[in-house]
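See structure below.
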Amino acid sequence: MDNARFADQLASGCSALGITVGPDVGPKLQRLMAELLKWNAKVNLTAITAPEEVLEKHFLDSLAVLPEVKGATSLLDLGAGAGFPGLPLKLELPEMGVTLVDTVGKKIAFIKAAAASLGLVGVRGLHARAEGKPETEGIPRAQVLIARAFMDLPDWLNLAPAYVEEGGRVVAMLGKQQTDAELQARAAERNLRVVSARSYRLPFSGAERQVAVFAKQ
Ligand SMILES: C[S@@+](CC[C@H](N)C(=O)[O-])C[C@H]1O[C@@H](n2cnc3c(N)ncnc32)[C@H](O)[C@@H]1O
């Protein structure tokens, strides 16, 4: 994808999602895509490799939750894979400290290399397994905890609160749509409350996504 087409697709995708990103974000995402595709040719990081799909399914889907993440000083991305949603969010929110955790070493190696190549300050890649015990795992708590395609919602809501600072929130990026009643019930069972929930569609494929935010009662 050439620079002009990338910029055009990014702009129209952001507009469809109702978000805006700074002028330096596009060129940085292009660099991130180049790194991802270069690494992916050698080590398998993601099944999504067509540039248009990387832009939509990794970059734009990550940025779609900007409204839920904005204002956080620290973000913890559990099961980050090749860095999604944490890396694109960091590009738009450079002041926010971001820790990305995965059990697969090569994914963390990629995250570290990509962050260095993009000159990102305040990005930490952590090779660890999240099992609900942040102290023993060496995983820092954050104001906002996020994950995409990590666990089923019930398992995620069991695990997540341990990683959130007092007054913080849990952001769940869901492929499978949950009704408001289901979200409320899941939250109540764990002494959490639903702060917000909304569905959105990816701008080019129309694939449906949902993002729900939870806080401790
Ligand atoms: C389906 S991928 C999603 C990756 C990324 N969040 C995305 O949306 O592109 C799930 C990732 O979670 C990681 N993972 C699974 N269980 C984990 C755990 N307990 N702690 C940390 N990472 C885990 C896997 O290695 C994998 O990279």
Side-chain angles (χ1 to χ4, degrees), residues 13 17 29 32-33 35-40 42-66 68-69 72 75-93 96 98-115 123-142 144-164 170-177 199-205 207-213:
L17 291 167
L29 285 173
L32 179 59
M33 179 166 336
E35 283 288 320
L36 179 67
L37 297 181
K38 188 176 85 186
W39 273 65
N40 218 45
K42 289 182 264 169
V43 289
N44 184 29
L45 298 171
T46 171
I48 296 172
T49 53
E52 284 78 6
E53 271 198 279
V54 172
L55 175 55
E56 184 192 37
K57 296 189 175 154
H58 281 326
F59 296 171
L60 286 166
D61 191 26
S62 296
L63 294 169
V65 299
L66 271 170
E68 280 74 16
V69 171
L75 181 77
L76 175 62
D77 182 351
L78 287 187
F84 306 111
L87 285 179
L89 288 168
K90 172 70 179 177
L91 295 182
E92 174 58 17
L93 304 171
M96 181 176 69
V98 180
T99 303
L100 303 102
V101 178
D102 206 281
T103 48
V104 178
K106 65 185 177 180
K107 294 182 177 176
I108 295 302
F110 168 72
I111 286 168
K112 288 180 177 172
V123 171
R124 187 172 169 212
L126 209 56
H127 183 201
R129 176 175 294 278
E131 286 175 330
K133 297 189 177 69
E135 281 85 7
T136 51
E137 295 155 4
I139 298 176
R141 289 189 174 81
V144 173
L145 172 67
I146 198 163
R148 184 182 78 153
F150 178 47
M151 283 179 173
D152 285 346
L153 185 62
D155 293 335
W156 171 234
L157 289 182
N158 287 338
L159 187 85
Y163 297 92
V164 179
V170 175
V171 179
M173 297 177 71
L174 306 168
K176 185 164 167 264
Q177 301 290 307
S199 296
Y200 59 94
R201 283 187 186 279
L202 295 185
F204 310 129
S205 61
E208 209 175 348
R209 299 282 189 266
Q210 189 178 37
V211 55
V213 182

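Numbering of ligands and ligand atoms starts at 1, following listing order.
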Run the side-chain hydrogen bond (donor to acceptor under 3.5 Å, both in side chains) test on His58 and Thr46 for me, step by step, so that the C-alpha distance in whole Å, both residues' side-chain angles and the decisive distance to 0.1 Å come before the verdict.
CA-CA 10 Å; His58 281 326; Thr46 171; 2.9 Å; yes

Side chains of residues 80-91: which donor-acceptor partners sit under 3.5 Å, not counting sequence neighbours?
residue : atom : partner : partner atom : Å
Lys90   : NZ   : Pro94   : O            : 2.8
Lys90   : NZ   : Met96   : O            : 2.8
Lys90   : NZ   : Val121  : O            : 2.7

How far apart are the C-alpha atoms of Leu126 and Asp102, what are their side-chain angles, what is the distance that settles it, and do they pass the side-chain contact (heavy atoms from CB on, under 4.5 Å) test?
CA-CA 7 Å; Leu126 209 56; Asp102 206 281; over 6 Å; no

Contacts of Arg201 that satisfy salt bridge (charged side-chain N to carboxylate O under 4.0 Å, His left out) - sequence neighbours left out
Glu208

Using a threshold of 4.0 angstrom between heavy atoms of the protein and any atom of ligand 1, which residues qualify?
His58, Gly79, Ala80, Gly81, Phe84, Asp102, Thr103, Val104, Lys107, Ala128, Arg129, Ala130, Arg148, Ala149, Phe150

Residues passing the salt bridge (charged side-chain N to carboxylate O under 4.0 Å, His left out) test with Glu68, sequence neighbours excluded, are Arg198

Would a 4.5 Å heavy-atom cut-off, applied to side chains only, mark Asn44 and Lys106 as touching?
yes

